[in-house]
Amino acid sequence: MESLPVAGPGAVDRHLLVVFGATGDLFRQKLVPALYHLVRQYNLADRFLILGVARSQMEDEDFRALSRVSIEGISRGQAQLGEEYADPGDWCDEALYFQSIGTGEAHAYRALRNRIERIEAAHGLSGNRIFYLALPPAAIGPTVRGLGASGLAHSAGWTRLVVEKPFGVDVESAVALNRVLHGCFDEPQIYRIDHYLGKATVQNLLVFRFANPLFESVWNRDRIDNIQITVAEAVGIGQRAAYYDRSGALRDMVQNHLTQLLSLVAMEPPVSFDAEAIRDEKVKILQSVRPLRPDDVVFGQYTAGQANGRSVSGYLEEQGVTPGSVTPTYAALRVFVDSWRWQGVPFYLRTGKRMHSRLTQVAVTFHGPPVTLFKSFERSGRQGNVLYFKLQPHEGFDLLFDVQKPSDHPQLDTRSLAFAYEEAFGSLPDAYETLLYDVMTGDRTLFVRSDEAEEAWRRYTPMLEAAISPHPYPAGSWGPKEAERLLSPRDHEWTVRLPDNGDPGI
Ligand code: BG6
């Protein structure tokens, strides 16, 4: 996880990266641009080659041309990079190959193995391999078995397997998926990606907590009143109805991304900063989450409204959505962690599509003073001490505190101490750059372990089975009003921090 700042060719063994699903969106929009940036930023051109694999037939040249177009479409902060490979086409021509797997018959895997061995022999690679499965869930099992049966799960060097979420759709399927993976690969070979863990601001939650004793000493039930995690999206479901209508907000966002944020905010200090120690603590938090009741959950579904200044359709009008679908596009939850540190502190989680803004924040609200001395002071919009982690956009944090406002009558005002990443360090790396680099160096800290995935599903599966109906909310809002009832028993309110001008900066 500390890898990027000290990154360089020395830390990466020479290897072949085999990407299944190499004609798909993930490869084109995220992986190949991230790989190109890594090559340029850390001089990795002689460290790895890429073999794209997909069902279709394609020549190497066509794959290179497609990849080049993808990179040119998505380029990030290249001004500071050197001249070498300034033209992405040069790198694509040198580093990319393509192999069709057709419908995945045994002979196609044999041909794949031959191709891998030929590329390795031609370039003097010693058998270090990464298999990246950028595939829909249904294709994972057959591909893993195909790799196992053709003897590709192990090699003369190291072999690593990268799997994208979703890791199942409930606890049963998560266990079944792990069984398939473990049937061919050992757990230390497996890198399960939750891309939120690759975001620099998400990793910084741990640094913030454990490098700053000032905060760690108040990180408990004695000082903290409640914690809110908001992952709001302004976009709708786009062209993904086929996937999303069967998934919904709890599966798509809560079980993975929001739960990762919860674990990082709530976990105990690990015994060391190595992968297993951190992942052990994250699992313990999941184990201490109190079983959820339907009362702790509110679902919503967007209706037509105004988003980003234009009229947008409701979920039920989106192309491909089943008529009358009750799939939630919004979920809010009240979660308690039954641990010594967190007993009685509510964690409020919410996420939704077509919400007011694109924004991911963690708001930690501290207790107010035990005695209110400033009763007679006028208080305009006073919020007390709240620490906002702004994970995206405008990455950074704001710590709110009260001050006396100079005026002719006593007044309290809330102001902030603020830190902004971009001002301090320039633009942040894309999550996929961090994660790909960590797979290349064999650092598993930012990847989800098998027991972690299963434990998260164990928490939420009863809520998936509880048939909770979604409440409508207009696109462009903060979700259904009913979500307030999760907070009202304690007099809490949902809170996010918008920039001073109120512009969410989408
Ligand atoms: C994905 C979900 O995992 O995360 C999408 O499947 C969602 O539905 C996306 O839009 C959000 O990621 P980010 O990085 O844009 O916050």
Side-chain angles (χ1 to χ4, degrees), residues 21 24-27 29-31 33-34 74 76 133-138 140 162-169 174 191-205 229-262 264 299-302 307-308 312 315 318 320-321 325 327-331 349-362 389-395 421 427-436 446-448 453 456-457 460 475 479 496 504-506:
D25 283 352
L26 180 65
F27 181 76
Q29 290 173 15
K30 291 288 184 186
L31 302 183
I74 302 173
R76 179 185 73 80
L133 309 191
L135 293 172
I140 302 285
V162 185
V163 196
E164 283 277 342
K165 76 165 251 285
F167 313 122
V169 294
Y191 293 69
R192 292 178 194 77
I193 287 198
D194 178 318
H195 78 279
Y196 264 60
L197 287 172
K199 294 182 192 267
T201 48
V202 173
Q203 297 161 47
N204 190 53
L205 284 170
I229 300 175
T230 298
V231 182
E233 295 188 276
V235 292
I237 58 155
Q239 307 303 311
R240 300 167 74 214
Y243 153 76
Y244 195 89
D245 205 33
R246 281 189 287 140
S247 172
L250 197 63
R251 288 193 171 99
D252 186 48
M253 298 293 287
V254 178
Q255 184 274 344
N256 36 72
H257 307 324
L258 279 90
T259 302
Q260 287 296 339
L261 297 178
L262 169 71
L264 295 176
F299 283 159
Q301 192 184 69
Y302 62 84
N308 301 335
V312 295
Y315 180 70
E318 300 277 18
V321 168
S325 167
T327 299
T329 60
Y330 171 99
L349 277 51
R350 65 174 166 165
T351 182
K353 301 268 182 213
R354 282 274 184 248
M355 288 179 70
H356 174 276
S357 318
R358 172 177 183 257
L359 165 159
T360 299
Q361 289 186 2
V362 177
F389 292 96
K390 299 191 292 187
L391 305 176
Q392 62 186 20
H394 308 299
E395 291 82 355
Y421 265 94
S427 68
L428 293 166
D430 182 79
Y432 276 95
E433 290 177 37
T434 306
L435 295 171
L436 282 161
L446 299 179
F447 300 87
V448 181
W457 280 118
Y460 300 116
V496 288
I506 305 162

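Read the numbers this way: they start at 1 and go in the same order the structure lists the ligands and their atoms. No hydrogens, no waters, no symmetry mates; every other heavy atom, side chains included, goes into these values.
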(request) Under the salt bridge (charged side-chain N to carboxylate O under 4.0 Å, His left out) rule, collect the residues that match up with Lys199, sequence neighbours excluded. (result) none
(request) Just jot down the salt bridge (charged side-chain N to carboxylate O under 4.0 Å, His left out) partners of Glu395, sequence neighbours excluded, or say none. (result) none
(request) Could you tell me whether Lys30 and Asp25 have a side-chain N and a carboxylate O separated by less than 4.0 Å? (result) no
Distance-only donor-acceptor hits, side chain of residues 231-239, under 3.5 Å, sequence neighbours excluded:
from, atom 1, to, atom 2, distance (Å)
Glu233, OE1, Lys353, NZ, 2.7

(message) If I compare all heavy atoms of Ile229 with all of Leu258, which pair ends up nearest, and what's the gap?
(response) O-CD2, 4.0 Å
(request) Could you name the protein residues that come within less than 4.0 Å of ligand 1, counting only heavy atoms, and order them by chain and residue number? (result) Lys165, His195, Tyr196, Lys199, Glu233, Arg240, Asp252, Met253, His257, Lys353, Arg358, Gln392
(message) Under a plain distance cut-off of 3.5 Å, with no hydrogens placed, do Glu318 and Tyr302 share a side-chain donor-acceptor pair?
(response) yes
